[in-house]
Protein chains: 2
Amino acid sequence: MGMDTKDKQLLKLLQQDATLSVNDLADRISLSATPTWKRIQRLAREGPIKKQVCLLDRKALNVNITVFVAIKTNQHDPKWLEKFATNVCDLPEVVEFYRMSGKIDYLLKIVVPDIEGYDKIYKKLINAAALYDVSSSFAMEEIKHTTVLPLDYC
Amino acid sequence: MGMDTKDKQLLKLLQQDATLSVNDLADRISLSATPTWKRIQRLAREGPIKKQVCLLDRKALNVNITVFVAIKTNQHDPKWLEKFATNVCDLPEVVEFYRMSGKIDYLLKIVVPDIEGYDKIYKKLINAAALYDVSSSFAMEEIKHTTVLPLDYC
DNA sequence: AGTGAAAGGTCTCCGCA
DNA sequence: TGCGGAGACCTTTCACT
């Protein structure tokens, strides 16, 4: 779908703050409310806007520890892997889950309150995935974490 | 701050869809509009709601490749590291950036359109960080990726 | 903390340029 | 595509329990 400058401006604004009113957005992209609203509708219907959510504070939810878990495996039975994937996805502590190229087969990002919390998830993981090689790295500091994607490539 | 069941229900709903109206939310947590609205205000003011944003589709923005970049360094001059951190944070392709424990010092998650795009960022990184040891892993498949945090620990 | 009603804004749709 | 206006809907406040 074609995206012009105003569409990109809208996306830039909405990525940072989805509470802006249609009128505010219209002002900022130098357009009146109706066409602005139509653009947003189009961007949501057939375009890049997937959803609108509240982002919560990890600290306030007591899941301030981020752990990256790298998993290697020899097992490549599709059915087994599918079950593994389902089990892992069902854990709410697993917030990201990738199949990787290279030496690592899977990379998980999990959030937990503390080391004990991590250990519980770790046990669930090796339960779900038996005989796998699992290595974990703890994030000491979150220097940047954004849901804002670059708009420079479209 | 104390959070009861209804607060958690609200957070669960708003994490998944922030377009729900106060009336909808009120219905779902079996409360009327006003106290529901007050709860949301409180959760946003002094609680876990940080912001409300639109989530965009990576594919539609032509940044469908996710790369994890692990950086090791011997350098620990604080001023230098601060400059490095600033430079890295300024890159819109870098969506996450952690200081890690263990063998890796920093872990970046970057999004790019293709290998060339990755190479450009790679060059910027080693420019910003000279003599560092950098190793990259490409995500082949995004199996799970959510902004929804678990509410089980608060 | 909760309710219901009323005022003030926004969103959404329509006809038109 | 763009504009402005009218009605519906939603948000926000207020008086009261």
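Residue numbers begin at 1 in each chain, while the letters A, B, ... track the order of the sequences.
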Under 4.0 Å between a Lys/Arg side-chain N and an Asp/Glu carboxylate O for B:Arg39 and B:Asp4?
yes

Whole-Å distance, B:Asn23 CG to D:dC9 P, equals 11 Å

Distance-only donor-acceptor test, A:Thr34 side-chain atoms vs D:dG4 base atoms, 3.5 Å:
yes

Separation of atom CG in B:Asp24 from atom P in C:dC11, rounded to whole Å
16 Å

Apply the test salt bridge (Lys or Arg N to Asp or Glu O under 4.0 Å) to residues B:Glu142 and B:Arg58: give CA-CA distance (whole Å), side-chain angles for both, the deciding distance (0.1 Å), then the verdict.
CA-CA 11 Å; B:Glu142 183 181 274; B:Arg58 283 215 322 271; 2.4 Å; yes

Nearest whole Å is fine: how far is D:dG2 P from A:Lys6 NZ?
8 Å

With a 4.0 Å cut-off on heavy atoms, is A:Ser21 in touch with a base, just the backbone sugar-phosphate, or nothing at all?
sugar-phosphate

Please check if any side-chain donor atom of A:Asn23 sits under 3.5 Å from a side-chain acceptor atom of A:Ser21, or the reverse.
no

On DNA chain C, check which nucleotide each of A:Lys38 and A:Leu20 is closest to and give me the residue with the more 5' one.
A:Leu20

Rounding to an integer number of Å, can you tell me how far B:Ile40 CD1 sits from D:dC10 C1'?
12 Å

Considering only NZ, NE, NH1 and NH2 on the basic side and carboxylate oxygens on the acidic side, decide whether B:Asp24 and B:Arg28 come within less than 4.0 Å.
no

To the nearest Å, how far apart are B:Asp27 CG and D:dC9 C1'?
14 Å

Can you see if the side chain of B:Arg39 gets near the phosphate of C:dA1 - specifically, an N or O under 4.0 Å from OP1 or OP2?
no

Between atom CD1 in B:Ile29 and atom P in C:dT3, what is the gap in whole Å?
9 Å

Taking only side-chain N and O atoms of B:Trp37, does any of them lie within less than 4.0 angstrom of OP1 or OP2 on D:dT11?
no

